[in-house]
Asks: 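I'd like to ask you about the structure that follows.
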Amino acid sequence: MTYTEDSRNKIMNTIRSSLGVSGDEAERITRTSIRLDQHKPNLIPERARKTQLENIALFRNMMESQSATVVELKGMDDVPGAVAGYLRDNNLAAEIRMGSDPILTELTWSAALALETKIGKAVPQDSAALSRAFGAAAETGTLFLLSGVDNPTTLNFLPETHIVVLRKVDIAGSYEEVWEQLREVQGQRTMPRTVNLISGPSRTADIEQTIIMGAHGPRRMCILLVGTT
Amino acid sequence: MEPTSHAFKDNVRKALNDDQLQRALGNVKTGFIDKRAKARAALPEFDQLRDQARDIKDHSLAHLDLYLEEYERKVTYSGGHVHWAATAAEAREIILDLCTRAGAKTVTKGKSMVAEEIALNDHLEAQGIEVVETDLGEYLIQIRGETPSHIIAPAVHLNKEQIEQDFRKTHTDLPEDRSLDRPEQLVNEARTVLRDKFIAADVGITGANLLIAETGSSVIVTNEGNGDLTQILPRVHIVIATIEKIVPTREDAMTILRVLARSATGQEFTTYTTFSTGPKRPDDPDGPEEYHVVILDNGRSEMLGTEFREVLRCIRCGACMNHCPVYHAIGGHAYGWVYPGPIGAVLTPSLIGVEKAGHLPNASTFCGRCEAVCPMRIPLPKLMRKLREREFEKAASPWQQRAGIKIWAFFAKRPRLYRRSTNILIAILARFGRRRGTFRYLPFAGGWTKYRELPAPQGRTFHQLWREQRNERVHK
Ligand code: SF4
């Protein structure tokens with residue numbers, strides 16, 4: 001597009017004249033690059049600065065108050081049975097879609113009798129999906145899910161039921177801690193294509209301010225909290 | 001949309017006489033206010049976070065050129081494209097061109113106030129592209145041919161019965177005898193109808209609540225998940241955002257997000273907060289193949305150099321209108337353009353001109369609630385006052401009002417005369433109004449007495465009462 005280059009210059013020039021700067025001031029440049037490199041957290045609320053045990057309890061409370069179901073499991077081996085059980089209890093079809101996350105695919109799914117597993121991104125016909133969360137912030141009961149072949153983003157939105165595996169060790173107090181963990185794994189200043197922060201199933205209040213679940217995304221969400229701590 | 005803000009007075013009259021609207025507005029007065037108060041009480045640091053959110057935006061605006069450049073670098077690095085649009089017309093052209101090149105027949109849209117600002121739907125539809133709003137509220141007003149009446153609850157002016165009628169009229173391929181009495185049934189029907197659109201769409205357009213310079217990410221928040229289905233299913237994802245949406249880092253974004261949902265809906269956090277960076281990666285099984293960000297200015301870079309710079313901190317949470325007695329009385333459409341409520345009263349004249357929207361800053365009782373609840377601490381009443389001054393200077397206000405103010409100024413500058421004449425006037429009014437205690441009609445004040453009664457003065461002026469009180473206190 002040819003004129004966006006002109007528009008870009010026009011916009012930049014007006015911004016600079018409005019701010020009374022040229023854009024070359026060394027001091028401004030240093031200040032902004034330090035801020036980007038240091039990415040210092042601002043105020044972290046007290047409720048997000050607690051012990052791990054308290055974090056887990058807060059996460060659970062918050063998630064439940066946001067209409068999700070939380071089930072605690074001792075180990076990953078309990079996941080297939082819990083998935084089958086949740087689907088059965090809710091009278092749902094015994095089938096589950098998941099990505100290629102080895103932590104999920106390497107479980108013994110044959111142990112959950114009659115449960116059909118499908119690997120890959122979600123398609124419109126899928127009724128339920130299983131994902132693994134990268135982490136979670138206890139302060140508001142918020143899961144962090146990363147796009148990619150392991151846990152494709154469509155799993156989070158297309159099926160009516162979303163089951164998410166979250167290891168207790170991956171629960172942090174604040175959002176900022178989860179971003180820091182992501183930086184450790186993926187490097188500074190990069191992101192996967194999509195990071196979904198999810199706090200419960202889909203809802204709307206657009207009809208007379210009444211909250212109705214299952215607007216466009218999942219109608220129900222179940223968190224499998226795995227670990228002994 | 002074509003602004004009707006100049007006809008504000010007529011709009012108000014219509015709104016006050018619209019029973020359906022008045023009933024629907026009842027939901028705003030209670031729901032939003034209580035929920036925000038609860039969320040605030042549950043987070044002791046809330047007001048401190050507001051201070052920090054304000055400081056973050058002030059810093060971002062003071063370094064806007066540098067952060068925008070950095071943002072652009074990061075978007076490009078992650079495989080996306082940034083397009084710059086100085087005006088609404090340019091933004092429309094860029095988006096139309098992207099849609100045409102994608103061979104788009106159907107375009108789904110997440111909720112975007114900027115798209116409303118540039119009247120994007122009309123432009124795309126004029127070229128034969130089907131545009132489908134996917135936020136339930138936006139969808140409701142789209143099938144009615146209306147504009148949003150609230151920035152986060154676009155259909156807040158509608159009642160359930162109206163929606164049922166619209167669905168029966170629009171979804172004609174569904175059985176006529178189906179039941180649509182309950183809100184759940186309406187939501188389900190919308191879900192089914194829109195699901196097919198999500199799947200058919202060639203291009204998905206979303207707005208952005210924030211842009212992050214650190215990573216080149218755009219951020220959207222929704223409760224429905226519609227913005228996500230809009231952007232992960234089609235081949236092309238287009239983001240439309242304005243220049244002031246930028247913040248430096250993810251940490252800065254989180255501080256602002258901590259105050260956004262609590263101020264808007266009173267939720268601890270919105271159900272879905274999504275960070276999008278570039279197109280899908282080579283190994284990704286889903287996500288868009290193309291990612292475009294259209295960055296619109298539309299007068300904001302100039303505002304940056306004026307006394308209205310603080311407005312650019314706005315995060316469009318809607319708290320100011322949720323708490324505004326004028327909005328409660330007239331709803332959003334009366335404001336005549338895209339942005340209603342106190343933020344609209346300030347933003348609209350700045351964006352479309354004082355001549356076209358000069359009345360809006362007068363739509364205030366100066367009660368100060370908007371500023372008290374604004375998470376970004378924007379001094380809305382002060383800015384409205386400045387716009388009133390501008391309107392007066394430009395002689396954009398009607399002659400009666402100007403003459404009235406001049407007469408008042410003549411007396412106000414002469415305190416003794418002012419006191420003497422008000423004493424006389426008040427005494428007269430007190431005599432006439434003594435029996436009922438109020439006036440149902442007063443000459444020259446029909447505009448006031450049409451909708452409310454004027455309490456009759458008790459016979460003495462404020463000045464007299466003040467003097468008596470002071471004397472009393474001195475004597476004690
Ligand atoms: S002016 Fe303040 S209260 Fe109003 S929408 Fe903007 S941020 Fe929210």
Asks: Using a cut-off of under 4.5 Å on heavy-atom pairs, state which of A:L43, A:D150, A:V149 scores highest against chain B.
Replies: A:L43
Asks: Counting only non-hydrogen atoms closer than 4.5 Å, does B:A213 touch chain A with its backbone (N, CA, C, O), its side chain (CB onward), both, or neither?
Replies: both
Asks: Quiz question: by atom type and distance under 3.5 Å, do the side chains of B:E224 and A:T204 form a donor-acceptor pair?
Replies: yes
Asks: Per the ring-ring contact (aromatic ring centres under 6.0 Å, His included) rule, what does the pair list look like for residues 47-70 of chain A, sequence neighbours excluded?
Replies: none
Asks: With only heavy atoms counted, which part of A:R16 is less than 4.5 Å from chain B, the side chain, the backbone, both or neither?
Replies: side chain
Asks: Name the region of B:D55, side chain, backbone, both or neither, that has any atom closer than 4.5 Å to a heavy atom of chain A.
Replies: neither
Asks: For chain B, find which of A:K121, A:E176, A:Q209, A:R28 contributes the most heavy-atom pairs closer than 4.5 angstrom.
Replies: A:R28
Asks: Below 4.5 Å from any heavy atom of chain A, which atoms of B:R300 appear? Answer side chain, backbone, both or neither.
Replies: neither
Asks: Quick check for you: to the nearest 0.5 Å, what is the distance between A:I198 atom CD1 and B:D228 atom CG?
Replies: 7.5 Å
Asks: Under 4.5 Å heavy-atom distance to chain A, tell me which part of B:H150 shows up: side chain, backbone, both or neither.
Replies: neither
Asks: Highest number of heavy-atom pairs under 4.5 Å with chain B: which of A:E180, A:R31, A:M213?
Replies: A:R31
Asks: Can you tell which part of B:L194 gets under 4.5 Å to a heavy atom of chain A, answering side chain, backbone, both or neither?
Replies: side chain
Asks: Under 4.5 Å from any heavy atom of chain B, what part of A:P192 do you find: side chain, backbone, both or neither?
Replies: backbone
Asks: Rounded to the nearest 0.5 Å, how far apart are CE of B:M254 and CG of A:N42?
Replies: 11.0 Å
Asks: Applying a heavy-atom distance below 4.5 Å, give me the residues of residues 140-148 of chain A that approach chain B, sorted by number.
Replies: A:T140, A:T142, A:S147, A:G148
Asks: So for B:I199, is it side chain, backbone, both, or neither that comes closer than 4.5 Å to the heavy atoms of chain A?
Replies: side chain
Asks: Under a 4.5 Å heavy-atom cut-off, does chain A meet the side chain of B:Q52, its backbone, both or neither?
Replies: side chain
Asks: If we define contacts as heavy-atom pairs under 4.5 Å, which of A:Q188, A:R47, A:R35 has the most with chain B?
Replies: A:R35
Asks: Where on B:L61 is there a heavy atom nearer than 4.5 Å to chain A: the side chain, the backbone, both, or neither?
Replies: backbone
Asks: Going from CG on A:L182 to CZ on B:F275, what distance comes out if it is rounded to the nearest 0.5 angstrom?
Replies: 10.5 Å
Asks: At a 4.5 Å cut-off on heavy atoms, which part of B:R262 comes close to chain A: side chain, backbone, both, or neither?
Replies: side chain
Asks: Does any backbone or side-chain atom of B:P279 lie under 4.5 Å from a heavy atom of chain A? Answer side chain, backbone, both or neither.
Replies: backbone
Asks: Can you tell which part of A:I212 gets under 4.5 Å to a heavy atom of chain B, answering side chain, backbone, both or neither?
Replies: side chain
Asks: Minimum heavy-atom separation for B:L49 to A:P45, with atom names?
Replies: CD1-CG, 4.5 Å
Asks: Can you check whether A:T210 reaches B:R182 side chain to side chain, under 4.5 Å on heavy atoms?
Replies: no
Asks: To the nearest 0.5 angstrom, please state how far the CG atom of B:L64 sits from the OG1 atom of A:T14.
Replies: 11.0 Å
Asks: How many angstroms lie between atom CD1 of B:I212 and atom CE of A:M191, to the nearest 0.5 angstrom?
Replies: 6.0 Å
Asks: Any side-chain heavy atom of A:M12 within less than 4.5 Å of one from B:W84?
Replies: yes
Asks: Strictly by ring-ring contact (aromatic ring centres under 6.0 Å, His included), give each pair with a member in residues 189-219 of chain A just once, sequence neighbours left out.
Replies: A:H216-B:F198
Asks: I'd like to check B:T271 versus A:Q66 (side-chain heavy atoms, cut-off strictly below 4.5 Å). Are they in contact?
Replies: no
Asks: Go through the atoms of A:E177 and report whether side chain, backbone, both or neither lie under 4.5 Å from a heavy atom of chain B.
Replies: neither
Asks: About how many Å separate CD of A:E208 and CD of B:E161, when rounded to the nearest 0.5 Å?
Replies: 6.0 Å
Asks: Picking from B:T270, B:I163, B:T134, B:D252, which has the most non-hydrogen pairs under 4.5 angstrom with chain A?
Replies: B:D252
Asks: Go through the atoms of B:Y291 and report whether side chain, backbone, both or neither lie under 4.5 Å from a heavy atom of chain A.
Replies: side chain
Asks: Determine the option with the most heavy-atom pairs under 4.5 angstrom with chain B, choosing from A:I29, A:T190, A:N196, A:L158.
Replies: A:L158
Asks: I'd like to check the side-chain hydrogen bond (donor to acceptor under 3.5 Å, both in side chains) partners of A:S127; sequence neighbours left out, ordered by chain and number.
Replies: A:E95
Asks: Chain A heavy atoms under 4.5 Å from B:Y139: which part of the residue, side chain, backbone, both or neither?
Replies: neither
Asks: Considering only heavy atoms, which portion of A:E46 lies under 4.5 Å from any heavy atom of chain B: side chain, backbone, both, or neither?
Replies: both
Asks: Of the backbone (N, CA, C, O) and the side chain (C-beta and beyond), which part of B:E72 lies under 4.5 Å from a heavy atom of chain A, both, or neither?
Replies: side chain
Asks: Does any heavy atom of chain A fall under 4.5 Å from the side chain of B:A42, the backbone, both, or neither of them?
Replies: both
